[in-house]
Amino acid sequence: LKGVAGFLCAAAQIGRTLRAMRIAGFFVPLVAAGVASQDAVLSALEEMAANAVVKGRRAKPAAQPKPGRAVKSLIAGSGDRTEVQTPVEQVQEYKNSKLAVDSTLSKEETAHAASPVTDDAWKTGIHGLVGSASSRFVASPDVGNAISWIQKEMSSAGLSVRLQDFDIDARGTQVKATNVIGTCKGSDTAGRFVVLGAHYDSIPAEGPAPGADDNGSGVTSVLLAAKTLCSMKLKLNVEFVAFSGEELGLHGSTAYVSKMTPDQRHKFQGAIILDEVGLTRTPKSPEVIFETKGEMPPQMGLIDTLAESAKTVEPDVKFMVNYHGWGSDHMPFLERAMPAVLLIEKDNLYSAEQFGHSPRDKIENLDFHYGAQLARIATATIARMATPRDQIALA
């Protein structure tokens with residue numbers, strides 16, 4: 001096992017500490033139990049280090065299943081593959097903490113706010129985004145077309161749009177990446193605001209990268225929410241953000257949070273992030289995960305607001321909670337004590353294994369009704385967050 005430990009130390013030195021720790025927790029017991037030889041484990045680890053994109057949610061080794069969310073891998077040995085599963089996604093039943101935002105909207109008004117987000121609108125939106133560029137990888141020559149398409153959609157929804165550039169190392173090449181930020185103004189003179197965001201970049205780095213589920217589904221939902229919410233009378237400002245650079249390590253959301261002034265951080269009231277919200281294997285009993293990190297009151301308030309909204313607009317969607325979140329664009333907020341919750345499909349692990357980070361992540365895999373259901377939950381939640389009866393202080 002010393003060889004394994006040595007490799008993990010080397011991985012940590014190149015900025016992969018968290019990922020290495022998760023992999024260690026999975027592989028080392030396999031060797032100890034005799035499930036896999038040390039040589040087989042070392043080979044698998046080296047393959048991951050050589051080929052994995054250290055992203056937010058999962059890393060996909062070339063021609064290998066992804067370690068990551070569920071840490072479900074196939075250990076190669078003499079041409080045979082032994083499947084071993086150790087869950088990492090620690091979901092649990094929701095318990096009401098009674099900290100939901102006290103909105104001026106009634107249940108009927110909340111449902112009405114989400115009603116324009118139809119199945120057909122979601123279908124049209126995902127086709128538009130995926131069709132805007134053959135690849136949305138940060139260094140793709142085609143990514144500018146996707147940025148322009150998102151910018152145009154935000155402008156047509158009535159948002160004030162700005163671009164936020166930042167530098168990123170895309171596999172050894174320095175490139176400029178761009179967040180697209182659309183703001184819908186509320187009546188609050190103090191300038192308080194909430195965020196609804198999703199990353200638009202996709203991988204693989206070469207060739208087609210449609211990124212339909214990961215994460216065209218999230219961006220489609222954000223844009224549809226923007227179109228309906230900007231037609232309402234809101235109290236708080238809402239920033240709708242399409243992040244870049246998530247697939248290479250949460251760079252876009254990190255840049256967004258890092259560039260906030262102290263005053264802006266004070267005015268920030270919470271973020272809802274969407275990542276992989278379009279695929280379900282159980283359309284008759286749809287499920288979604290609300291994910292955050294820790295059980296502090298600000299996060300619990302967002303979870304309660306999501307739960308209340310889900311029960312109002314999509315009572316057939318079952319939701320569970322993960323308080324041990326990691327690896328998507330909610331994390332840069334949470335790491336700075338800024339409340340955020342991720343919405344992610346229950347079948348995200350299946351999606352990652354079957355299609356993730358490959359040209360196979362196509363629209364054909366998605367369920368338009370399910371995608372619209374989760375988009376309606378997000379829309380209703382932001383509607384309630386942006387219409388507090390009294391001053392809120394989630395952050």
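Side chains are part of it too, since the values below use all heavy atoms of this structure and drop only hydrogens, waters and symmetry mates. Residue numbers run from 1 in the order of the sequence given.
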Q. Would D213 and R360 pass as an ion pair if we require N to O under 4.0 Å?
A.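 Not counted as a salt bridge, because no side-chain N and carboxylate O are separated by less than 4.0 Å.
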Q: Answer yes when E153 and K227 have at least one side-chain N-carboxylate O distance shorter than 4.0 Å, and no when they do not.
A: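 So E153 pairs with K227 through a salt bridge.
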Please report the closest heavy-atom contact between [X] and [Y], naming both atoms and the distance.
X	Y	result
A133	D142	CA-OD2, 3.1 Å
A111	V313	CA-CG1, 3.8 Å
A100	D304	N-CB, 3.6 Å
A255	N179	CB-ND2, 4.4 Å
A378	L196	CB-CD1, 4.3 Å

Check: [X] side chain, [Y] main-chain N or O, donor-acceptor pair, under 3.5 Å:
X	Y	result
T292	A340	yes
N215	G218	yes
E291	W326	yes
N237	G186	yes
T305	V101	yes
Q299	K293	yes

[atom2] on [Y] to [atom1] on [X], rounded to 0.5 Å:
X	Y	atom1	atom2	answer
K152	S155	NZ	OG	10.0 Å
I377	K311	CD1	NZ	12.0 Å
E287	T282	CD	OG1	5.5 Å
R389	K235	CZ	NZ	10.0 Å
Q373	F368	CD	CZ	14.0 Å
M154	T183	CE	OG1	9.0 Å

(Q) Could you go through F240 and L223, starting from their C-alpha distance and side-chain angles, then the distance that decides it, and tell me whether this counts as side-chain contact (heavy atoms from CB on, under 4.5 Å)? (A) CA-CA 8 Å; F240 301 90; L223 293 174; over 6 Å; no
In the structure I gave you, are the side-chain heavy atoms of [X] and [Y] within less than 4.5 Å of one another anywhere?
X	Y	answer
S351	E276	yes
S115	H112	yes
M232	E109	no
F355	L279	yes
D329	Y256	no
R336	M260	no

Distance alone, cut at 3.5 Å: any donor-acceptor contact between the side chains of [X] and [Y]?
X	Y	result
E345	Y370	no
N365	Q354	no
D367	T280	no
H199	D214	yes
T387	S103	yes

Q: Apply salt bridge (charged side-chain N to carboxylate O under 4.0 Å, His left out) to K176 and list each qualifying residue two or more places apart in sequence or on a separate chain.
A: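 Partners of K176 by the salt bridge (charged side-chain N to carboxylate O under 4.0 Å, His left out) criterion, ordered by chain and then number, come out as D165.
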Q: In sequence, state the C-alpha distance, the side-chain angles, and the governing distance for K123 and D119, and then conclude on salt bridge (charged side-chain N to carboxylate O under 4.0 Å, His left out).
A: CA-CA 6 Å; K123 177 181 178 180; D119 298 2; over 6 Å; no
Q | side chain to side chain contact (heavy atoms under 4.5 Å, CB included) partner of V219, the single match among I150, D275, V241, L224 | A |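 The passing option is I150.
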**Q.** Evaluation steps, side-chain contact (heavy atoms from CB on, under 4.5 Å), between F137 and L248
**A.** CA-CA 10 Å; F137 180 66; L248 297 181; 4.2 Å; yes
Q | Other residues, nucleotides, ligands: >12 heavy atoms within 6.0 Å of E206 CD | A |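 Atom CD in E206 is not packed in, count stays at 12 or less.
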(Q) Other residues, nucleotides and ligands only: do more than 12 of their heavy atoms fall within 6.0 Å of NZ on K259? (A)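 Buried by this count: over 12 neighbours within 6.0 Å.
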Q: Apply the test side-chain contact (heavy atoms from CB on, under 4.5 Å) to residues E93 and K318: give CA-CA distance (whole Å), side-chain angles for both, the deciding distance (0.1 Å), then the verdict.
A: CA-CA 10 Å; E93 295 295 325; K318 180 182 178 181; 4.0 Å; yes
Q. C230 and L159: side-chain contact (heavy atoms from CB on, under 4.5 Å), yes or no, with the steps?
A. CA-CA 7 Å; C230 271; L159 278 66; 3.3 Å; yes
Q: Could you give me the CA-CA distance, side-chain angles and deciding distance for R136 and E247, then say whether salt bridge (charged side-chain N to carboxylate O under 4.0 Å, His left out) is met?
A: CA-CA 10 Å; R136 301 189 305 277; E247 299 289 8; over 6 Å; no
